[in-house]
Amino acid sequence: MAVNRKTVRGAFATLLQTAIVGTGKPAQALYAYRPADFAGQSPVVTVSSSGSRRKSTTRLASTADVYLQVGLFVLYSDNATWNPDDSEDALDDLEAALATVMEQNQSATYWYSLDYSDRSQRRDVMIGGQEYAFEPVEVIIRTNG
């Protein structure tokens with residue numbers, strides 16, 4: 001039976017949630033989808049499906065490459081206590097935390113390989129009327145099925 005990308009996305013999001021969200025950790029919230037508004041939360045991580053490539057290896061077996069986009073979002077400035085320097089530092093902390101999770105979880109229950117698909121590139125986006133620094137990170141997860 002073919003692996004459902006939703007299952008892999010959920011497992012990866014749960015792994016990230018545990019590792020990088022909470023007191024003393026770099027993210028305030030994580031969503032296993034891309035919400036329309038963060039309601040002022042920052043930093044925020046999103047995990048969304050970004051494609052797949054399936055291959056039949058035999059008549060009864062197959063593999064699937066599941067592509068996920070991990071979105072790193074940090075409020076650019078609140079014009080009071082949070083400034084662009086804080087935003088840059090927080091974005092760098094999020095990226096480093098993601099890299100650590102990637103290094104430490106090369107294989108898991110739902111995958112046998114975890115890697116970056118390409119380089120990330122920071123840009124700015126408006127979400128809920130607020131400017132966020134946004135760094136999309138494309139991840140490839142190789143699975144059986």
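Going from atom CD1 of I141 over to atom CZ of R9 covers 11.0 Å, rounded to the nearest 0.5 Å. To the nearest 0.5 angstrom, Q28 atom CD is 11.0 Å from L94 atom CG. Annotation: the span from Y67 atom OH to E138 atom CD amounts to 8.0 Å, rounded to 0.5 Å. Rounded to the nearest 0.5 angstrom, T81 OG1 and D86 CG are separated by 8.0 Å. The CG atom of L114 sits 10.5 Å away from atom CD of E103, with the distance rounded to the nearest 0.5 Å. Note that CG of L72 is 8.0 Å distant from OG1 of T46, once rounded to the nearest 0.5 Å.
Side-chain heavy atoms closer than 4.5 Å link hydrophobic residues (I, L, V, M, F, W, Y) into clusters, and following such links, even through other members, never connects I127 to Y76. By the criterion of side-chain heavy atoms lying less than 4.5 angstrom apart, applied directly or through intervening Ile, Leu, Val, Met, Phe, Trp or Tyr residues, V139 is not grouped with Y112; the two fall into different hydrophobic clusters. No continuous path of hydrophobic side-chain contacts links V66 to I140 [ILVMFWY only; heavy atoms under 4.5 Å].
Taking the six-membered ring for Trp and the full ring otherwise, the centers of F38 and F73 sit less than 6.0 Å from each other.
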Show me the donor-acceptor pairs, under 3.5 Å and distance only, between side chains in residues 10-25 and residues at least two apart or in other chains.
unit_1, atom_1, unit_2, atom_2, d
T14, OG1, G10, O, 2.9
T18, OG1, T14, O, 3.1
K25, NZ, T18, O, 2.7

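Annotation: side chain of R142 is not in contact with side chain of W111 (no heavy-atom distance under 4.5 Å). Taking 4.5 Å as the limit, some side-chain heavy atom of T100 sits within range of a side-chain heavy atom of Q104. Contact check for Y116 versus V137: side-chain heavy atoms found under the 4.5 Å cut-off.
Put simply, the side chain of T7 never gets that close to the backbone of V3: no donor and acceptor are under 3.5 Å apart. Remark: side-chain polar atoms of S77 are paired, donor with acceptor, to backbone N or O of W82 under 3.5 angstrom. The closest donor-acceptor contact from the side chain of T63 to the backbone of N144 lies at 3.5 Å or more, if one exists at all. A donor-acceptor pair under 3.5 Å is absent between the side-chain atoms of Q130 and the main chain of M126, judged by distance alone.
Salt bridge E135/R119: absent, no basic N to carboxylate O contact under 4.0 Å.
Residue pairs that meet the side chain to side chain donor-acceptor pair (under 3.5 Å) test with at least one member in residues 30-44, sequence neighbours left out, are Y31-Q41.
Here the shortest heavy-atom pairing between S120 and P136 reads CB-O, 3.3 Å.
By the neighbour-count criterion of 12 heavy atoms within 6.0 Å, atom CZ of F134 is densely surrounded, having more than that number from other residues, nucleotides or ligands.
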Decide salt bridge (charged side-chain N to carboxylate O under 4.0 Å, His left out) for R122 and E95; before the verdict, give the C-alpha distance in whole Å, the side-chain angles of both, and the deciding distance to 0.1 Å.
-> CA-CA 11 Å; R122 181 200 184 273; E95 190 280 332; over 6 Å; no
